[in-house]
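Here the structure comes first, spelled out in structure tokens, and everything after it is commentary.
The sequence lines fix the lettering, A, B, ..., with proteins before strands; numbering per chain opens at 1.
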Amino acid sequence: MTSTAQGELKQNPKTPVASRFSMRRQKIAEHRKSLPIASVEKRLIEEVQKNDILIIVGETGSGKTTQLPQFLFNAGFCRGGKMVGISQPSCIAAVTVAKRLAEECDVQLGQRVGYSIMFDDTTCSSTSLKYMTDALLLREALVDPLLSRYSVIIVDEAHERTVHTDVLLALLKKVQLDRSIGNKGLEVEAKTNDEIGGVLRGCQISPLKLIYNCSISTIIMSASLDARVFSEYYGGAKALHVQGRQFTVDILYTVHPVTDYAALVITIFQIHLEEKPGDILVFLTGQDEIESVERLVQERLEHLPEDKRKILPLAIFSALPSDQLMRVFAPAPIGFRKVVLATNIAETSITIPGIRYVVDPGRVKARTYDPSKGMETLDAVPTSKAQALQRSGHAGREGPGKCFRLYRQREFEKLEDSTKPEIKRCNLSNVILQLKALGYDDIFGFDFIDKPSSAIVKALAELHLLGALTDDCKLEKPAGDQMARLPLDPVYSRALILANQSNCLEEMLITVAMLSVESIFYDPPREKREEARTSRNHIASVEGDHLTYLGVYRESNEFLEAENSEEAEVDQTLRKWCKDNFVNSRSLKHARDIYRKIRGNVEQMGFNVSSCGNDMLEYRRCLAASFFLKAAQRQMDGTYRALESGEIVHIHPTSVLFRSKPECVIFNELMQTRKKYIKNLTRIDPVWSAHHHYNTEE
DNA sequence: GAGCACTGC
């Protein structure tokens, strides 16, 4: 949207400002009118007025995410200071959509239209249309259980079925019920609201409207199955379809199943040599696959005549430093064809311009969770039909496209309709703690759309061991309440509470912030590997990963202070330090954001942020006490035994302790890939851990 | 000597 407007300005440098703006406004108006959803505005509003719950199945490009909130605003749903809340599964979606809508409405972002995400709240008291992450909306319920400022809540992308979306679905069902009771004149509701500091002092609370958007593709039934699941969950709620504006995508299957990279690379080159211009997007499972394919493409390229070599392979996955990530958004040089080798990141998180061809081998790395062992597994598995559709859709964003599925059609028919909801595949201790803090004591009776029973048992047990729940599974005060309010894994929240008692809260804040982000260190290109190794040896601590992370944070901070950077230059200075030290600057910046946030949180709780300075013994003892549930002991053969589950595990090669193999360690993560690996570890004295066990047993 | 799908509070 922005680029169109700027393009216009560049073409007419002498056009007076006022006229340029009116031209822009006219263009926006035309664009809005051309959206498929524009023709059904009246009908949509009528349905919202008639139904308390509505399911909208809006195809890609229908304009539902930006237009529907405006329709509701125009229809008066924001009168009296009420808001329409639109929840998104990710920050990036919430931010970009809010920015686009503000521009469309020609209002300043943060006034009528705003967004609110963990690190950035642009809303104010006059905000009517509020975009946010679904996780943040859940948090808001902690402060305002009736979500009393909202007249309508739109849960966008509900078909993605993230954990937060699933919890939100159940929570909103309850809130809606509570508010409809309140509306029948129960003074109690208003009083409760008043106590919580709600804005509706003494007023009646109007019923809450709920709209579930699920963006789908036209082609298969699995999508409408999704809508049916939501509809049934809400007792037969009405579902409406809104047409999209997607170009046709031809789907091609192979005659024989494709099992090797060579055949995959042949497909890429066939497209390159035989098809019309347009970039190619290839979905692969992970970094190693991407790197192998990239090598094969390069090798094959050298065997082609000069004039056929105009192909530009680009790798993209989340651990990539941001400057390399950005390269896929730039158009290929004239006459060149981009071949983007991507993980799932290109499926929903980002949209790459220029794509007309999709190559889909039909596999994806998926996380599963085994509650009995407390272990996560990351395996490559076949995609679902819905995922395959999502992938092929990327070929039809800018024009008619083609999707090459590297398997047979009958194999497609055998795929699952949709991916298993995340709530059935992950550790739930965080979610359960949230629900407890929201006052839902009967977790087994909680109305999940898909119930994850054994993970609930495990989560309750873990929360009890961490001291967040009492023996009869009620929220422990104040510890459980404090832990629920921190935006962290409960184990990390617990570590902060212990550190507060041990005089090393400052160090633990840094540690858990660093543990909460992925890939602090990154793989440098081959020619820099030796240099990186020397640098890493300098910064690594013999005690383990936690002290190493602490060192990275402190050193980068000292560098910032020494450079005495202005506020605006901090990011740049930090990037320089990261580059010199082979640290992923995006990750470090993220960790700094988390640090600032949780430091604010604990200060609000009345904790005094003190430091143990260089007394690392104090800090290491605190680590051991915090993570005593996850200890591992070295075996005769050099492998480790995890004490909780009894599993035989290995130290992950990214750990600084990979070579030194101390006798006893605590760790934060146990994950099975090719082997069972423990990650993020620190050497401990076995006596500490035993001692702590003894204390907790009493 | 060998490995890291993707989000989010």
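Of all the residues in residues 132-140 of chain A, Thr133(A), Ala135(A), Leu136(A), Arg139(A) reach under 4.0 Å from DNA chain B with at least one non-hydrogen atom.
Within the 4.0 angstrom heavy-atom criterion, no nucleotide atom of any strand lies near Ser519(A). Residue-level contact check: Ser90(A) touches the backbone only, with heavy atoms under 4.0 Å from sugar-phosphate atoms and none from bases. Contacts of Phe658(A) with the nucleic acid, taken as non-hydrogen atoms under 4.0 Å apart, include base atoms.
No side-chain donor-acceptor contact under 3.5 Å links Thr639(A) and Gln635(A). Side chains of Asn427(A) and Ser429(A): a donor-acceptor N/O pair is present below 3.5 angstrom, by distance only. For the residue pair Tyr640(A) and Glu663(A), no side-chain donor N or O sits within less than 3.5 Å of a side-chain acceptor on the partner. Between the side chains of Ser655(A) and Asp545(A), at least one donor-acceptor pair of N or O atoms lies under 3.5 Å.
Minimum atom distance to the side chain of Cys91(A) is reached by dG8(B), of the listed dA2(B), dG8(B), dC6(B). Closest to the His164(A) side chain, of the nucleotides dG8(B), dA5(B), dG3(B), is dG8(B).
Spacing between atom CD1 of Ile594(A) and atom C1' of dC9(B) amounts to 9 Å, rounded to whole angstrom units. Atom CG in Leu284(A) sits about 19 Å away from atom P in dG3(B), given to the nearest Å. As a whole-Å value, the separation of Glu291(A) CD from dA2(B) C1' is 13 Å. Rounding to whole angstrom units, CG of residue Leu438(A) and C1' of dC9(B) are separated by 13 Å. For the pair Arg161(A) CZ and dC6(B) P, the interatomic distance rounds to 22 Å; values are reported in whole Å. dA5(B) atom P lies 20 Å from atom CD of Glu160(A), rounded to whole Å. dC6(B) atom C1' lies 14 Å from atom CD1 of Ile92(A), rounded to whole Å. Rounded to whole Å, the distance from NZ on Lys365(A) to C1' on dC6(B) is 12 Å.
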Please tabulate, for side-chain N and O atoms in residues 476-492 of chain A, each donor-acceptor pair with protein atoms closer than 3.5 Å (sequence neighbours left out).
{"unit_1": "Asp489(A)", "atom_1": "OD1", "unit_2": "Val491(A)", "atom_2": "N", "d": "3.0"}

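Between His546(A) and Phe627(A), the two ring planes are parallel [angle under 30°; tilted spans 30° to 60°].
Between dA5(B) and Thr285(A), no contact under 4.0 Å exists linking OP1 or OP2 to a side-chain N or O. Residue Ser318(A) has a polar side-chain atom (N or O) positioned under 4.0 Å from OP1 or OP2 of dC6(B). Contact between the side-chain N/O atoms of Arg674(A) and the OP1/OP2 oxygens of dG3(B) is found at a separation under 4.0 Å.
For the pair Asp288(A) and Arg674(A), the salt-bridge criterion is met [side-chain N within less than 4.0 Å of a carboxylate O]. A salt bridge links Lys436(A) and Asp441(A); the closest N-O separation between the charged side-chain nitrogens and carboxylate oxygens is under 4.0 Å.
Annotation: of the two residues near DNA chain B, Arg425(A) and Asn430(A), the 5′-most nearest-nucleotide partner is Arg425(A). Each of Ala366(A) and Ser116(A) was matched to the nucleotide of DNA chain B holding its nearest heavy atom; the match closer to the 5' end belongs to Ala366(A).
With hydrogens and angles ignored, a donor-acceptor pair closer than 3.5 Å exists between the side chain of Arg659(A) and the base of dG1(B).
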